[in-house]
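Numbers here are sequence positions counted from 1.
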Amino acid sequence: FSDALIQENKKCLQEIIALAEQKNIQLIFFIPPKSNCYLQFRNQLNINYARTVLDSVLQGANIALIDLDEVYNFPDS
């Protein structure tokens, strides 16, 4: 985990959003569900920080966010 990487990703998302607006393209952001195994090993503080940054980028933008990570998870096989 690196704050610099999160900020770089934020900048990329902002550029994608700006380009979509210029081209009159409607964006949809999708967060897929995770497996139980993955959920056990992720750092929740880092995930929360990244989500806060994502939410700040999307705030005020007309972009749908489908977050299945909060609703579903897949059983491990």
Side-chain angles (χ1 to χ4, degrees):
F1 173 80
S2 164
D3 183 59
L5 181 59
I6 294 289
Q7 296 306 316
E8 183 179 333
N9 288 340
K10 178 182 176 180
K11 182 180 175 190
C12 288
L13 288 175
Q14 290 168 325
E15 291 172 357
I16 291 168
I17 292 167
L19 180 61
E21 288 174 351
Q22 289 175 354
K23 302 292 183 180
N24 199 27
I25 296 170
Q26 180 67 46
L27 294 175
I28 298 173
F29 280 71
F30 174 72
I31 301 173
K34 313 296 187 288
S35 72
N36 290 326
C37 181
Y38 174 83
L39 293 172
Q40 290 176 6
F41 293 102
R42 70 182 188 173
N43 182 314
Q44 193 61 47
L45 291 176
N46 293 343
I47 297 298
N48 291 345
Y49 174 62
R51 179 59 189 262
T52 299
V53 171
L54 175 62
D55 289 344
S56 75
V57 170
L58 298 181
Q59 186 176 19
N62 188 24
I63 299 173
L65 173 63
I66 300 170
D67 184 359
L68 296 181
D69 189 34
E70 299 294 325
V71 179
Y72 302 104
N73 57 40
F74 292 127
D76 296 324
S77 53

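To the nearest 0.5 Å, atoms CG (L27) and CG (L65) are separated by 12.0 Å. From K11, atom NZ reaches atom CG of N9 across 12.0 Å, with rounding to the nearest 0.5 Å. If you take CG on N43 and OH on Y49, they are separated by 13.5 Å, rounding to the nearest 0.5 Å. Note: Q26 CD to E21 CD = 9.5 Å, rounded to the nearest 0.5 Å.
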Compile the donor-acceptor pairs under 3.5 Å between side chains in residues 55-63 and protein atoms, sequence neighbours left out, one pair per line.
| unit_1 | atom_1 | unit_2 | atom_2 | d |
| --- | --- | --- | --- | --- |
| D55 | OD1 | R51 | NE | 2.9 |
| S56 | OG | V53 | O | 2.7 |

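When the shell of 6.0 Å around CD of E8 is examined, it contains 12 or fewer heavy atoms from other residues, nucleotides or ligands. Other residues, nucleotides and ligands place no more than 12 heavy atoms under 6.0 Å from the CD1 atom of I28.
Cluster membership for L54 and I66, using ILVMFWY side-chain heavy atoms within less than 4.5 angstrom, is not shared. Cluster membership for I31 and L68, using ILVMFWY side-chain heavy atoms within less than 4.5 angstrom, is not shared.
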